[in-house]
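Reckoned from all heavy atoms, side chains included, excluding hydrogens, waters and symmetry mates. What you see is a predicted model; the values in this text were computed from it and never measured.
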Amino acid sequence: MISRSLARALLASVALMMAGGLLAGCNSDQVSLATNAKANQPVPPKLLAAMTEKDMDLQSPILVRLFKQEAELEVWKQTRSGQFALLKTYPICRWSGDLGPKVREGDRQAPEGFYSINPGQMNPQSAYYLSFNTGYPNAFDKALGRTGSQLMVHGDCSSRGCYAMTDEQIAEIYSLGRESFFGGQKAFQLQAYPFKMTPVNMAKHRTNPNMPFWKMIKEGYDHFEVTRQEPKVDFCEKKYVFDAAKPANAKRDLVFDASAKCPAYVIPEEIASAVRGKQAKDEAEYARLVAKGTPVARMNTGIDGGMNKVFAAKIPEGSTGLSEGAEGTTLQMLAMAKAPGTIPGHVNPPKPNLDSVASAPSPQEEPVVAVSAPATSTRVASAQPAEKSQGGFFSNLGRKMGLGTADTTATTAPPQATASVAPAQTTPTPPTAASRLKAAVTRFVPGNDKKEAAKEAPKPAVAAAKPAEPPKPQPDTRLAATRPALKPSVSDSAADSGLMAGSAPVVQSNSFESRFGAMR
């Protein structure tokens, strides 16, 4: 009897150790979640109330979507009806790289695509408070020879190819994933996009070289939008396939290989017809926007990633980088709002790579958007007003002394003016690397656009000589010389009203390991 009891105890211990090892992640130095207070924090009462209101169960499945340009992470949760509904949107504190997929190890790119997160990818011992591995590279990435490892969603607001949240945010997201595993979900889907795949965003980025890839993953975006169900993801012929099913007359199950030829498959008609309808509307709107002359989004050479405006507003000289901007006054207003978590002192806001900006092509080389009509053609938004690309220290000094420069808008000479030698027309000096560098750095300091506009405003000219006879009063026909400050191409959106307060979580008495073991 004693030997049987001992053997039973040993078997139980081995089983618990195996379960803890699976849940702790790939690193051998990680310990069981049973001893980790951070990983056992309960779901906050405010979120529990939101679940009740939206007809969700605490342990129902979740789905996560990430958007770089909007700098947002969405957590969707399955309702009792079986469809997914948006539970909460979290502003992303920091992501790195550019819009576009990750290609190779060390390129600092945050991945884009569809990934699957299982319990083994949850990391309670992360150096960045808590984290989960995105699963990059997936089969599609590997088929294209893409490399990279340890691409995470984690805390600490610091990114080198990851999606970084505040510690309070990742604790909440982690708890939602943990509870979904308790409820029986074997893995939750992570969808990572460059931006929300709307017609206006597709039109603005229509010349981006990543557009073929973005159109491909938009297919999965559309499947989720019309069904509110997690799309089934497969890979073949080095492409994504969504919600594939075997034909009615097929005798074998479908076998997909990311590098091989696609098997014969069909998409259920109820899904296919709904997707076709959405895509037809999107394409019609896209064509209308392009014909209308929607400006192409400016390429931001050398800028490393982005940050949600609610965080940029809290940091001295903070910038949203490649994310949707809210510079100047708007950021100052957001600075008064409460941040969704603690922003560490070492946070590094997006900044331009000065070497890349200095060697970037001048704004004049950007393409002109074709429009049908007025004589004045609509141009792509440039990095700076034309005035800033001309002149330097001496021209600015001359302007302050009232000597005038070629930057001033020309006006028709009044008819009563005495004969004089017309000033030679000044040919604009091509912008130098230094002037472009100065303009790019200036663009990243909130409020500087207004300061620069004030500096550029013409000042009254000093009377050079007494005219032969006093001129007759004439109406002022001068054009306004001060141009309005450039605005971001994407409109601002209000900050999420459900941001967490960042209060210290309470550790629940039972552990992740013991609860998960009970399900076995």
Distance-only, no hydrogens or angles: does the [X] side chain make a donor-acceptor pair with backbone N or O of [Y] under 3.5 Å?
{"X": "Lys68", "Y": "Ala110", "value": "yes"}
{"X": "Thr79", "Y": "Met56", "value": "no"}
{"X": "Asn40", "Y": "Asn36", "value": "yes"}
{"X": "Lys77", "Y": "Ser60", "value": "yes"}
{"X": "Ser131", "Y": "Gly155", "value": "no"}
{"X": "Tyr163", "Y": "Pro111", "value": "yes"}
{"X": "Gln229", "Y": "Gly82", "value": "yes"}
{"X": "Arg80", "Y": "Asp57", "value": "no"}
{"X": "Lys38", "Y": "Leu130", "value": "no"}

I'd like to know whether [atom1] of [X] has more than 12 heavy-atom contacts from other residues, nucleotides or ligands below 6.0 angstrom.
{"X": "Arg108", "atom1": "CZ", "value": "yes"}
{"X": "Lys54", "atom1": "NZ", "value": "yes"}
{"X": "Lys215", "atom1": "NZ", "value": "no"}

### Task
May I ask you to decide if the ring planes of Tyr193 and Phe67 are parallel, tilted or perpendicular, using 30° and 60° as cut-offs?
parallel

### Task
Report the relative orientation of the aromatic rings in His154 and Tyr128; use parallel for angles under 30°, tilted for 30 to 60°, perpendicular for over 60°.
parallel

### Message
Whether the Glu230 and Trp76 side chains hold a donor-acceptor pair (N or O, under 3.5 Å, no angle test) is what I'd like checked.
### Response
no

### Query
Going by atom types only, do Thr166 and Gln169 share a side-chain donor-acceptor pair under 3.5 Å?
yes

### Task
Please lay out, stage by stage, how Phe140 and Tyr240 fare under the test ring pair (Phe, Tyr, Trp, His ring centres under 6.0 Å).
CA-CA 7 Å; Phe140 167 81; Tyr240 279 85; 4.9 Å; yes

### From Arg146, Lys102, Arg104, residue fulfilling salt bridge (charged side-chain N to carboxylate O under 4.0 Å, His left out) relative to Asp141
Arg146

### Query
Would a 4.5 Å heavy-atom cut-off, applied to side chains only, mark Ile170 and Val153 as touching?
yes

### Message
Could you tell me if the side chain of Glu317 sits less than 4.5 Å from the side chain of Pro349, heavy atoms only?
### Response
no

### Message
If you compare all heavy atoms of Arg94 against all heavy atoms of Cys157, which two are closest, and at what distance to 0.1 Å?
### Response
CB-O, 3.9 Å

#### Entry: Atom pair CG (Leu190) and CD1 (Ile117), whose distance is rounded to the nearest 0.5 Å
5.0 Å

### Query
When you look at Lys204 and Val296, which way does the side chain to side chain contact (heavy atoms under 4.5 Å, CB included) test go after all the steps?
CA-CA 5 Å; Lys204 287 178 178 177; Val296 175; over 6 Å; no

#### Entry: Test applied, side chain to side chain contact (heavy atoms under 4.5 Å, CB included); reference residue, Glu70; option that passes from Ile92, Asn308, Asn201
Asn201

### Step-by-step salt bridge (Lys or Arg N to Asp or Glu O under 4.0 Å) determination, Lys278 to Asp222
CA-CA 7 Å; Lys278 180 184 184 304; Asp222 292 340; 2.8 Å; yes

### Message
Does this structure show an ion pair linking Glu74 with Lys88, if we count only N-O contacts that are shorter than 4.0 Å?
### Response
no

